[in-house]
Each structure stands twice: as structure tokens, then as C-alpha cells.
Amino acid sequence: MSSTAIPKRVALNRNPATESSATSSISASPFDSPRQSPSSTSLSSMGSDHEVSKMLDTYGNEFKIPDYTIKQIRDAIPAHCFHRSAATSLYYVFRDLAILGSVFYLFHNYLTPETVPFLPARVALWTLYTIVQGLVGTGLWVLAHECGHQAFSPSKVLNDSVGWVCHSLLLVPYFSWKISHGKHHKATGNLARDMVFVPKTRDQYATRVGKALHELGELCEETPILTAANLLAQQLFGWPMYLLNNVTGHNNHSKQPEGRGVGKQNGWFGGVNHFNPSSPLYEAKDAKLIVLSDLGLLATGTALYFIGTNFGWLNLLVWYGLPYLWVNHWLVAITFLQHTDPTLPHYQPEVWNFARGAAATIDRDFGFVGRHIFHGIIETHVLHHYVSNIPFYNADEASDAIRGVMGNHYRTDAHTGWTGFFKAMWTAARVCQWVEPTEGATGESQGVMFYRNTNGIGIPPSKMVAKAQ
């Protein structure tokens, strides 16, 4: 697939001796100009009667708010891209299940102490098994994701049946996830309503690290070891924590329309999770579906208990547990990098709309694995946020079609290759600490937020005067 080439990004390493404002930081940069912004040519869709001042992303590129409409996006996509084939989709499900079964059969029967007596070699090969099964399991997860968006086939019954089975096998509460994930799509980039990887605002981040707001304007670099530890914790525990306590979603549950969110908040014992039918993530009409999701998990858990008691818990850990952790890792990594990048804006509710929010995503590249095992979920995510019921096997063509409408608002990291995926994880962890408006922003621009950090990378945080005690 061809891609919109974006020049290699340049991270401005700030000079703390000269940083007094965003403007001074740019002028002090050793580079003549920041890299080309992916969003530098369109005008605000709100009209000229709304005051808009300069907005700068993390790297100092000027940002302009998208001005196209959802109708323009949909009209640009060829009609046949919307066609969903149950036969094609089912082929990929059976293909992935067959790969999972075949890999297990081969390793279980031919990688034994008798055939490979050298223990370190056997451990290394079984480690390879967990990695391969984790990759293919993630592909199966993606196909269930297609079901949740009704992109799998024209039949809602088939979609939900396949999605429920596949997600339950991976210990994912299908309907519970489907409902909350749908809300994420309806509010992507909205700081008050988004359900996935909502970035911390300046005051939230300051509370987390125990600093005053004005102290975030000072250069106090986070050690690479701490960054790595935080990233590791995110990858290991991010997905179960999201399901158990909505850790990365919004925390405005008091606005739940049926009043279910009163007194509830994210966190342990806060009453917000993906398993309780009374959770504020859902409405009363969803209760039966949440119970059905839980029953799917109970069935899989029962089967796993049977396997563990009859074949050994260590075997279960290797056969299923470690591949399951790999699946969790890939889910968190993919989702994190689809919505976290130094070029991406986030919006306060008063300046957000669907077209703006859907553009606040980015396509990545993961080579053969991304295309053929993960079913393109990494490479065509921008399109997916505009039209989520297009099947993955038509997504490349549809993505090409909407780029002409989006222009420089379309963001891609595809030019970096599959190694760029891992580099982007580290960059995002170092650079994207919290969001705030561009210093000096006025009018509508005050509601458009960009990532800032204390690691000396890019535009410095806004200077704030300490309050008198």
C-alpha cells in the first residue's frame, strides 16, 4: 500500500537556559524549522467568527483544525469497499484457529524431552511457541474486533456469535468490551468522554507525580530506567487494569444519563469495571449482554481449570498463560500507539466534534505481522475511526481514498518500517506525559491540547507563576 510520506520527525531538545516560552524555544532550536506538520493546511470548520490563535504540537509544528466533513470522507470511499463477506471473514477465523491448533500440535508432540533433551534449547523453543501463539491470538482478537463493529458480515447474529466465542476464548468480555469500545469511537480525542488512553491534563499529571503545576515548567528529566519501568507496567497490566477499573478511560461517570455513575470513579473498588451489569459504563438495557459476556469468561475459565488440574498448571502457563500475556501486550501497544503521538491533538468537549476527533489518530506499520497476522489493524486505523464497518480486507483501498480529503491531516508513521513501531513506543513514553494548550492560546485554541513533557524534548511546558502560600 502506498502511503503519504511524512518527513522524519525532529525532536527539539530544549535548552533550559533559554526556554521562556514556546516562541523562544523554537528560535533557540539548532534546526532551521520544525518538521512538516501532518495538519498544516486546513482552516477551522467552526468559521471565521471563532477566534483561533496559533497552536503548536510537541515538536513545534503549527497545527490547523480539520475543515472537512464526514460526508466528504464517506463519499470518497468506493462503494465496494463497504461490502462485507461472511465467507471471507470466516475463512480468516478458521485460518487463525487452524494455525493456533497446528502450532500447539507440533510443539506438544515434537518438542519433548525425548526429542530435545537439552533443557535450555527446549526452553528457548517453547518461548518461541508463546510468542507465535501470542501473535496469532492477537489476530484472532482483531477478527472479533471486526465482529464488534459489524464489519465481519452483514449478519448481526453471526457477527456477535463469532465475536463472543473468539473473545471469550481470549478471556475478553465481548459485549462489555463492544459497548465501551463503541463509546470510544463516538468520542475519540474528547478529553471528557473518550474511553481509551485518555491523556492526563497538566493538573492530573502533577497530582500523579506529586508536583505543583508551576513545577512542571522546570526541566526535571525522568530517568530512562523509570520510563522503561512505567512502559513495562503498562504493557503487562494495562489491559486487565482497563477491564477491571477503567484505568485509562475517562472518569466523568457522574454524568452517566441513568445516574449509575453517582459516587463511582475509576480505580479499585470504585464501581467502574467491564464485568458488573450496574457499572456506569453501561445502561440498564445492557445488563443481559454484560451477564452473557461474563458467562463466556466463566466457560473459558472452567475449561482452563480442567486443563490445569488434569495436565498440570505449569503446562497451562506455557500453553495458554504466556501467550495470553503476549496478546495483552500487543493489544495495549497497538491501542497506545494509535492514539498517542507528539503530533496528535486532544480536545476539550466544547471544541470537539467527530471529524476532529477521528483525525486525532495515526497509522503505524508492523511489516508482515501487521499485514498478515494482525489483519491490518495497525496500518489502517485512521480510516477505521471514520468508517468502522469497512472490513479489514478492503481497508487499504478505502484508506487511500480518504487521504485526498484529509490532506495533511492524515497521519502515518508507515515510512519508518516495522522497527519504527518499537521506536514510537519509547518516544511516546518519553515525550507524551500530559496535554495542555499551546502557551498564549486564545479563543477556540485554548481547547486544543498537545503533549508536553519535562524531559527537555520539544516545546517546553507553559510557564506558570507559583501561587502565594
Side-chain angles (χ1 to χ4, degrees), residues 93 137-138 140-152 156-188 193-198 237-262 264-304 324-325 327-332 334-336 338-339 377 384-385 388-389:
V93 170
T138 303
L140 188 66
W141 196 103
V142 172
L143 294 177
H145 169 266
E146 292 267 299
C147 293
H149 284 290
Q150 307 304 309
F152 190 83
K156 187 176 185 298
V157 173
L158 178 63
N159 295 341
D160 286 341
S161 297
V162 173
W164 180 78
V165 170
C166 292
H167 263 177
S168 295
L169 290 174
L170 297 168
L171 292 179
V172 178
Y174 171 72
F175 291 103
S176 308
W177 161 85
K178 173 185 172 182
I179 294 168
S180 66
H181 187 70
K183 293 180 180 180
H184 157 61
H185 270 259
K186 292 177 181 178
T188 303
R193 293 173 46 215
D194 198 352
M195 301 291 291
V196 176
F197 275 111
V198 180
F237 307 113
W239 174 245
M241 291 285 284
Y242 171 70
L243 293 178
L244 288 168
N245 56 36
N246 201 46
V247 65
T248 59
H250 76 73
N251 203 19
N252 299 313
H253 305 295
S254 61
K255 298 181 180 179
Q256 204 273 351
E258 296 177 342
R260 293 167 148 236
V262 176
K264 296 182 179 180
Q265 59 184 359
N266 297 344
W268 296 111
F269 312 111
V272 183
N273 63 66
H274 283 73
F275 308 102
N276 188 342
S278 65
S279 171
L281 299 175
Y282 312 111
E283 299 175 15
K285 64 182 177 62
D286 302 321
K288 293 181 180 179
L289 295 176
I290 309 307
V291 172
L292 184 57
S293 298
D294 294 343
L295 288 176
L297 301 184
L298 179 62
T300 300
T302 301
L304 293 174
Y324 169 77
L325 291 180
V327 172
N328 288 356
H329 155 72
W330 290 119
L331 293 179
V332 174
I334 291 168
T335 308
F336 176 59
Q338 286 167 341
H339 301 94
I377 194 172
H384 177 67
H385 266 276
S388 59
N389 63 347

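Everything quoted here is computed from the prediction, not taken from an experiment. For the single chain, residues carry numbers from 1 onward in sequence order.
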Results of ring pair (Phe, Tyr, Trp, His ring centres under 6.0 Å) for His385 - residues two or more places apart only: His184, His185, His339, His381
For the residue pair His274 and Tyr242, is the inter-centroid distance of their aromatic rings smaller than 6.0 Å? yes
Applying ring pair (Phe, Tyr, Trp, His ring centres under 6.0 Å) to Phe336 and not counting sequence neighbours gives Phe197
Donor-acceptor pair, side chain of Trp177 and main chain of Gly148, under 3.5 angstrom: no
With sequence neighbours left out, the residues meeting side-chain contact (heavy atoms from CB on, under 4.5 Å) with Pro240 are Asn328
Please name the pair of heavy atoms, one in Leu243 and one in Pro173, separated by the smallest distance, quoted to 0.1 Å. CD1-CD, 4.0 Å
Are the side chain of His149 and the backbone of Ala151 linked by a donor-acceptor contact shorter than 3.5 Å? no
With sequence neighbours left out, the residues meeting side-chain hydrogen bond (donor to acceptor under 3.5 Å, both in side chains) with Asn266 are Asn246, His253
Selection residues 158-184 - residue pairs positive for salt bridge (Lys or Arg N to Asp or Glu O under 4.0 Å), sequence neighbours left out: Lys156-Asp160, Asp160-Lys178
Residues in side-chain contact (heavy atoms from CB on, under 4.5 Å) with Val93, at least two apart? Leu97, Leu140, Leu143, Phe152, Val162, Cys166
Which heavy atom of Gln150 sits nearest to which heavy atom of Asn389, and what is that distance? O-CB, 4.1 Å
Do you know which two heavy atoms are closest between Val291 and Pro277, and how far apart they sit? CG2-CG, 3.9 Å
Would you please name every residue forming a side-chain hydrogen bond (donor to acceptor under 3.5 Å, both in side chains) with Ser278, sequence neighbours left out? Asn276
Can you tell if the side chain of Leu171 reaches within under 4.5 Å of the side chain of Leu304, non-hydrogen atoms only? yes
Are Ile377 and His384 packed together at the side-chain level, in the sense that at least one heavy-atom pair is separated by less than 4.5 angstrom? no
Sorted by chain and number, sequence neighbours left out, ring pair (Phe, Tyr, Trp, His ring centres under 6.0 Å) with Tyr324 holds for none
For Arg260, salt bridge (charged side-chain N to carboxylate O under 4.0 Å, His left out) partners two or more places apart: Glu258
Minimal heavy-atom distance between Pro280 and Val272, with the atoms involved, is CG-CG2, 3.7 Å
Do the non-hydrogen side-chain atoms of Leu297 and Phe275 ever get within less than 4.5 Å of each other? yes
Parallel, tilted or perpendicular, judged at 30° and 60°: which one describes the rings of His145 and His181? perpendicular
Once salt bridge (Lys or Arg N to Asp or Glu O under 4.0 Å) is applied, what residue pairs with a partner in residues 283-292 remain, sequence neighbours excluded? none
Residue pair Asn245 / Met241: nearest heavy atoms and the distance that separates them: OD1-O, 2.6 Å
Here the gap from Tyr174 atom OH to Leu169 atom CG, rounded to the nearest 0.5 Å, amounts to 13.5 Å
State which residues pass side-chain hydrogen bond (donor to acceptor under 3.5 Å, both in side chains) with Gln265; sequence neighbours excluded, sorted by chain then number. none
Using the salt bridge (Lys or Arg N to Asp or Glu O under 4.0 Å) rule, collect all pairs that involve residues 240-250, keeping only residues at least two apart or in two chains. none
Are the side chains of Ser176 and Tyr282 in touch, meaning some heavy atoms are under 4.5 Å apart? yes
Hey, are the side chains of Leu244 and Trp268 touching, using non-hydrogen atoms and a 4.5 Å cut-off? yes
